[in-house]
Student: 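The structure follows.
All ligand and atom numbering here is 1-based and tracks the order in the structure. Since the model is a prediction, treat every value here as computed from it, not as a measurement.
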Amino acid sequence: MKHPLSDRVVVITGASSGIGEALARECAARGARVVLAARSAAKIEAVAHDLRAAGRGSALAVPTDVTKPDQVRRLFETVEREWGGVDVLVNNAGFGVWGAIERLPLDLIRENFETNVFAAVSCAQAAIPHLRRRRGCLVNIESVAALRGLPLAGAYAATKHALHAFSESLRAELAADGVRVLSVCPGIIETNFHVNRKHVGPRTQTGPDWLAMPADRCARQIARALETGRRQVVITWHGWFLALAQRIAPRLLDVLIAANYHRLTRAEAPAASPAANSTP
Ligand SMILES: NC(=O)c1ccc[n+]([C@@H]2O[C@H](COP(=O)([O-])OP(=O)(O)OC[C@H]3O[C@@H](n4cnc5c(N)ncnc54)[C@H](OP(=O)(O)O)[C@@H]3O)[C@@H](O)[C@H]2O)c1
């Protein structure tokens, strides 16, 4: 293991549920000091309390809306004051937007970029001085949608493509300082993501339930990738398949995905009521 997490200070945004919460628990189990950041203060405090009670590393909850620069600044000031700095930042906070691009309000696309991209960049900017000092690691939780755009997920995929590009650029910009950048590209994971997703149009499923991987398994793979010094990890077999097909047969993938989209939308069109077409 090249980069053990033991005693490292790991800041995780979006740690109140899903992948972020599971990763906080996994890192704590590996001996890391975990900082949980999200808007739901009660939820992150409960997870931190759980981790402290179980004696699994130390844990700190710092309520933070990552889209608010003053709150991001306060998050890193708090970690500096309490624990002296940051070894790992996991940019995990995010949400999905679902709907045909033609019908997506631009404001909703902007909101998605605000959280999934600009907030991640703002957290990275605040963390970089720490990561330089401690030769640490920046982890961006992207998606397989960062490697391949998908119908109905156009806005979301664009945010994740943007984040992926930031990861690649930062990897080069920070390499000489010994700072690593890990891109994490999960497929479908069992979390609240699909409930919290904002929809325009009918609420279609991302994929069949049996495809989804439990969040704790996803978290184990992320922690392993961090400790072994990987630059990118694709999680779930269907994610691997999509990434591979995109690399070796993108045209065939275009045809298959378009045919599936056509079949889906044709099947669902008659059921779509005007009420179902509003954004919740
Ligand atoms: N689940 C999947 O299938 C999947 C697949 C690929 C990639 N991902 C990515 O994985 C990441 C985590 O998603 P998840 O699946 O674990 O979904 P989730 O259960 O909905 O968790 C999303 C987390 O993001 C936080 N968050 C959202 N907006 C925030 C803000 N402005 N400030 C701070 N925290 C914010 C939420 O906390 P609060 O509401 O408490 O702030 C929550 O903790 C996302 O970036 C998502 O795009 C998920």
Student: For ligand 1, what are the residues with a heavy-atom contact below 4.0 Å?
Tutor: G14, A15, S16, S17, G18, I19, A38, R39, S40, T64, D65, V66, T67, N92, A93, G94, T115, I141, E142, S143, Y156, K160, P186, G187, I188, I189, T191, N192, F193, H194, N196
Student: What pairs of residues pass the side-chain hydrogen bond (donor to acceptor under 3.5 Å, both in side chains) test when at least one of them lies in residues 151-162, not counting sequence neighbours?
Tutor: N116-T159
Student: Have H164 and E142 got a donor and an acceptor in their side chains that come within less than 3.5 Å?
Tutor: yes
Student: Between F76 and H130, what is the ring plane arrangement, given parallel below 30°, perpendicular above 60°, and tilted in between?
Tutor: tilted
Student: Suppose we screen for side chain to side chain donor-acceptor pair (under 3.5 Å). Which residues come up paired with S169, at least two apart in sequence or across chains?
Tutor: none
Student: Give the table of side-chain donor-acceptor pairs shorter than 3.5 Å for residues 7-18, with sequence neighbours excluded, one pair per line with atom names and distance.
Tutor:
from : atom 1 : to  : atom 2 : distance (Å)
T13  : OG1    : V90 : O      : 3.4
T13  : OG1    : N92 : N      : 2.9
T13  : OG1    : A93 : N      : 3.0

Student: Let me know which of R135, R132, R133 forms a side chain to side chain donor-acceptor pair (under 3.5 Å) with D177.
Tutor: R132
